[in-house]
Structures are given as C-alpha cells and as structure tokens.
Amino acid sequence: MHKKTIKDVDVKGKRVMVRVDFNVPLEHGQITDDRRIRAALPTVQYALRQGASKVILMSHLGRPKGAPLGAPIGAGFEPEFSLKPVAQHLEPLLKEKLLFLDDCVGSAVQAAVAKSSQRVILLENLRFHKAEEKNDPVFAKDLASLADIYVNDAFGTAHRAHASTAGITRYLPSVAGFLIDKELEYLGNAINNPKRPLAVILGGAKVSDKIELIKNLVPKVNAIVIGGGMAYTFLKAQGINVGNSKLEKDKVETARELLEQAKAAGVEMVLTIDFVITKSFDSDDCKISDTIPDGWESLDIGPKTIELYKKVLAKSKTVVWNGPLGVFERDAYANGTRVIAEYLATLFAKGVTVIVGGGDSAAAVAKFGLEEKMTHISTGGGASLEFLEGKELPGIAALNNRG
Ligand code: AMP
C-alpha cells in the first residue's frame, strides 16, 4: 500500500488516536455481534505494545440526531446510541482497564485525557455532534488536540469524508491501522492482481446500486454471476417475463448495455435460469419453477441456477461475492445463498481465494456459520462496494503517503 501504516511511525510515548468502527448492532443494550470490536484489537494492542502513552479510541454508533454546532456540552446525547456498552465489552477483550468519557470534545474531555491513569480511553459517540458528519474543521481540530498521531482503522466509514475520518488528518500525522491495511490488500489484490480466472458474484436488492460496480468490473474480470433481486432487471432486458419480481424499469436499458459491454469484453455473464416463486412477498408458500408467470414473484434462485453458478465458480481461482442471492433472511428463500456460500467454503478449502464484501453477504456468511471458511470477509459494506467500484475512499486518500 502506498499509504503509511502504524508500523511506519514511532508511537513510543505518544498519544495515539484511533478512529475505529464500533458501529455494532445492539439489542436492549446488549451487543449482538462484536466482530467490529474484535477487528480493531490488533491495532490497539500493537500501539500499547509499542509504548504509546495513551490510545484514544473514537467511533460513531448508529444515527443519532446530533447536536448543532455551538450547542451546550452533552446536548446531543441519546442513551440508545451511547458507546458505553462497547466500553464494557472491550475491557475484558483488551485485558486492560479503560476510561470511558461521556463526550468526545471539550475542556472536560481534554482534562480527563490528560490526567487519565488508564492508557486506553474510549470517547463517546462522535455523531452526538452534527459537526462530525459535516466534517467541520473546528470539531476536527478539537479531536486532533487530544493526540499526537492519528490512525484510521475504521474501514466501514472510510468512504465518508467526516471530521474523524478526513478533517482530522489536516492536523496530525495520519496513518492506516492494520484493519484498513488488510482490507486494502485483500480487496485490492482480488480486483487488480488476482489469481485468474476471477469470478464476481453479485446479488442484493437493486441494480441501480451496482451499475458503477459492474462497469468497473467488466474490463477486469472473467465472469460475472448475477442473482438476487437485481437479476430480474437483466432478465427483463433479455425479454424474459419476470412477473411481479423486483424490477427497476428505468434500468432495463442500462442492463441491456451492460450485458452488451460484457459480451464485447469476453466476460461470461451468468443469469438466473430457474426460480423459487411465490404469489405474495410475505408468504413462505412457494415452489420451484423454470418461469415466473404473471401474478408470481421470485425470491430465490432455483436448483438449476445453483448448478450453473457452481460450474462457473468451479473454474475460478479467485471469487469476490457481493450481495445475497435471495431473501436469505427468511428460511423459505435462503437456500440459494446458503448453498452457494457453502460451495465457496469448499472452494476456499481447495485453495481458491474467496473474498466476501461486507454488509448483507457478510451477514449471510455469519448466519450460515461459515466465517472461518472464507479468505477474507470485509468489515465495510458501503466502503467495500465503493472500493470495488474503483472510487477513491476519502478516509484513505487523506492519510500520509509513503516515501
Ligand atoms: P442489498 O442491500 O442491495 O445488498 O440487498 C440485500 C437485500 O436484497 C436482502 O435484504 C435480500 O432480502 C434482498 N433480496 C435478495 N434477493 C431478492 C429477491 N429475489 N427479491 C427481493 N429482494 C431480494
């Protein structure tokens, strides 16, 4: 990577501020999935081992309203978005007492950081201040004033130019943490320097979310496998009846163009050929069918499609997967996503590189208990999508270059 990492700077005796992604799911104050917390540990532990005087952690959690600029301290606090449960969860993982502060800027925070006997400090939710998402320079400077070195390890928000991901880099030496470094290495190699053939599986709800991605992928990949809700717009573009299935009418022409571009580039485009259909989205009453008659909609790929996808994937040395292949949240329509995820696990066992984009595909892999059976599962849904689209992520672009 051409960006500096925490290994390129001397943190000994320094106050190191790490932007982490502790945006974890909470139910009744309990963390239901702590992967993002565990993913941050290597960077925090490294900074401690290297003798950082303080490691100050900051993150957002959810979408609180946020207090406007100039509001009194604490005005943006909303208990359901507090990072306090994360502090309690983090302490035993780190095996280190930590100090949790009830805000992230202000003179009380400054004083508490200065006199803390704990080396690890977690600040309260950055988004209790509107200034965070506005990338406000005064807020960014206030955050920066707490530390000597800034480390970004929040891959999940690297596609956003916020005060804690972009603005702060104007005031401190700024480097990447291990998680961002790892994400860029795996995602970057998969697309730009893969073992070939390279196949990409795309699913999820909407074509419109994936148009830029497909455009960027066509010159780089050997095969694109399309399933999920987005497949029906492509099928429609080929004149196939899709009944009441998810369809973006205004994207049928774009789908046709993408199919032509792929054909011209020699990229194998593989679409759904049979379906799990139902008369009502809310019903689990369904059947397998080669067609989607009027009045029916398809919520999963059928068995012939699964075999077809497997044949294409079997030829690949690298597979990148982004988006579920059906309504995997419901058992009646989870089969296609599960069987393909299980097949990817067998390919991984045979030495194929399998990269799973974040968000719903990562949730699906976790639901089926296959997390340890993939090469890499990205921690960033939107960020991994934008990276694979070939876009520059502002939170990474802002870090110091090597050399
Ligand atoms: P995305 O947010 O674009 O990754 O889309 C994920 C969502 O797409 C999941 O919640 C799935 O339930 C949904 N999805 C997948 N396949 C279908 C389908 N055939 N019809 C409707 N929704 C689908």
Side-chain angles (χ1 to χ4, degrees), residues 24-25 27 32-33 35-36 156 199-210 213 224-235 242-248 270-289 292 296-310 312-313 319-348 354-382 384-385 388:
V24 291
E27 269 170 35
T32 54
D33 179 351
R35 273 174 296 169
R36 285 179 164 167
V200 176
I201 310 171
L202 297 178
K206 294 204 294 194
V207 184
S208 45
D209 289 345
K210 306 272 160 74
L213 178 60
I224 301 179
V225 173
I226 295 186
M230 64 183 281
Y232 309 104
T233 304
F234 284 93
L235 292 174
V242 299
N244 294 336
S245 304
K246 225 174 174 62
L247 175 68
E248 285 172 86
V270 188
L271 297 178
T272 314
I273 54 167
D274 65 341
F275 314 92
V276 179
I277 59 171
T278 179
K279 280 189 167 164
S280 156
F281 184 87
D282 296 322
S283 166
D284 286 348
D285 195 8
C286 56
K287 62 176 188 180
I288 292 164
S289 173
I292 314 172
W296 291 74
E297 67 183 297
S298 170
L299 297 183
D300 195 10
I301 55 174
K304 289 181 191 163
T305 306
I306 292 176
E307 289 314 308
L308 175 66
Y309 288 3
K310 280 187 183 173
V312 176
L313 300 172
V319 180
V320 177
W321 177 26
N322 195 307
L325 302 172
V327 182
F328 76 101
E329 299 93 337
R330 287 164 53 197
D331 289 346
Y333 307 107
N335 189 60
T337 306
R338 191 186 60 247
V339 175
I340 293 299
E342 283 165 355
Y343 187 64
L344 292 179
T346 66
L347 292 180
F348 167 67
V354 180
I355 307 290
V356 182
D360 283 312
S361 358
V365 169
K367 177 177 163 147
F368 305 132
L370 297 168
E371 280 179 294
E372 303 306 321
K373 297 183 175 160
M374 308 285 166
T375 311
H376 178 68
I377 301 174
S378 177
T379 54
S384 72
L385 186 61
L388 296 174

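- A donor-acceptor pair under 3.5 Å is formed between the side chain of D300 and the backbone N or O of G336.
- Shown here for L271 and L308, the closest heavy-atom pair between the two residues is O-CD2, 3.8 Å.
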Inset, instruction - Mind running side-chain contact (heavy atoms from CB on, under 4.5 Å) on T278 and L299 for me, showing each step along the way? - result: CA-CA 8 Å; T278 179; L299 297 183; 3.7 Å; yes
Inset, instruction - Start with the C-alpha gap between V242 and F275, add the side-chain angles, then the distance that decides, and say whether side-chain contact (heavy atoms from CB on, under 4.5 Å) holds. - result: CA-CA 10 Å; V242 299; F275 314 92; over 6 Å; no
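- Contact record, C286 with Y333: CB-OH, 3.6 Å, taken as the closest heavy-atom pair.
- Nearest heavy-atom pair across L325 and L202 is CD2-O, 4.2 Å.
- Remark: K279 NZ to K287 NZ distance equals 7.5 Å, nearest 0.5 Å.
- A salt bridge does not link E307 to K304: none of the charged side-chain nitrogens sits closer than 4.0 Å to a carboxylate oxygen.
- Separating the CG atom in L388 from the NZ atom in K210 is a distance of 10.5 Å, to the nearest 0.5 Å.
- Shortest non-hydrogen contact noted between G357 and N322 is CA-ND2, 4.2 Å.
- Nearest heavy atoms, P303 versus I288: CD-CG2, 3.6 Å.
- Under the 3.5 Å distance criterion, the side-chain polar atoms of T272 are left unmatched by any main-chain donor or acceptor of D274.
- In the displayed structure, K373 atom NZ is contacted under 6.0 Å by at most 12 heavy atoms of other residues, nucleotides or ligands.
- The closest donor-acceptor contact from the side chain of T305 to the backbone of I273 lies under 3.5 Å.
- For the atom pair CZ of F328 and CG of N335, the computed distance is 14.0 Å after rounding to the nearest 0.5 Å.
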Legend entry - Worked verdict on L347 versus L313 for side-chain contact (heavy atoms from CB on, under 4.5 Å): CA-CA 8 Å; L347 292 180; L313 300 172; 4.0 Å; yes
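- Around NZ of K206, the count of heavy atoms belonging to other residues, nucleotides or ligands within 6.0 Å does not exceed 12.
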Inset, instruction - Dump the intermediate steps for side-chain contact (heavy atoms from CB on, under 4.5 Å) on L344 and W321, then the final yes or no. - result: CA-CA 9 Å; L344 292 179; W321 177 26; 3.6 Å; yes
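- Of the possible polar contacts, none joining the W296 side chain to the S298 backbone as a donor-acceptor pair under 3.5 Å is found.
- Taking CD1 of I224 as the reference point, atom CD1 of I201 lies at 12.0 Å (rounded to 0.5 Å).
- Cation-pi geometry between R330 and F281 is satisfied (NZ or CZ under 6.0 Å from the ring centre, within 45° of the ring normal).
- A salt bridge links E371 to R35: at least one charged side-chain nitrogen sits closer than 4.0 Å to a carboxylate oxygen.
- Closest non-hydrogen pair, F368 versus A334, comes out as CZ-O, 4.1 Å.
- T233 places a side-chain N or O within 3.5 Å of a backbone atom of E248 that can act as its donor or acceptor partner.
- Rounding to the nearest 0.5 angstrom, the gap separating the OG atom in S280 from the CG atom in N244 is 10.0 Å.
- Distance check: E297 CD to I292 CD1 gives 9.5 Å after rounding to the nearest 0.5 Å.
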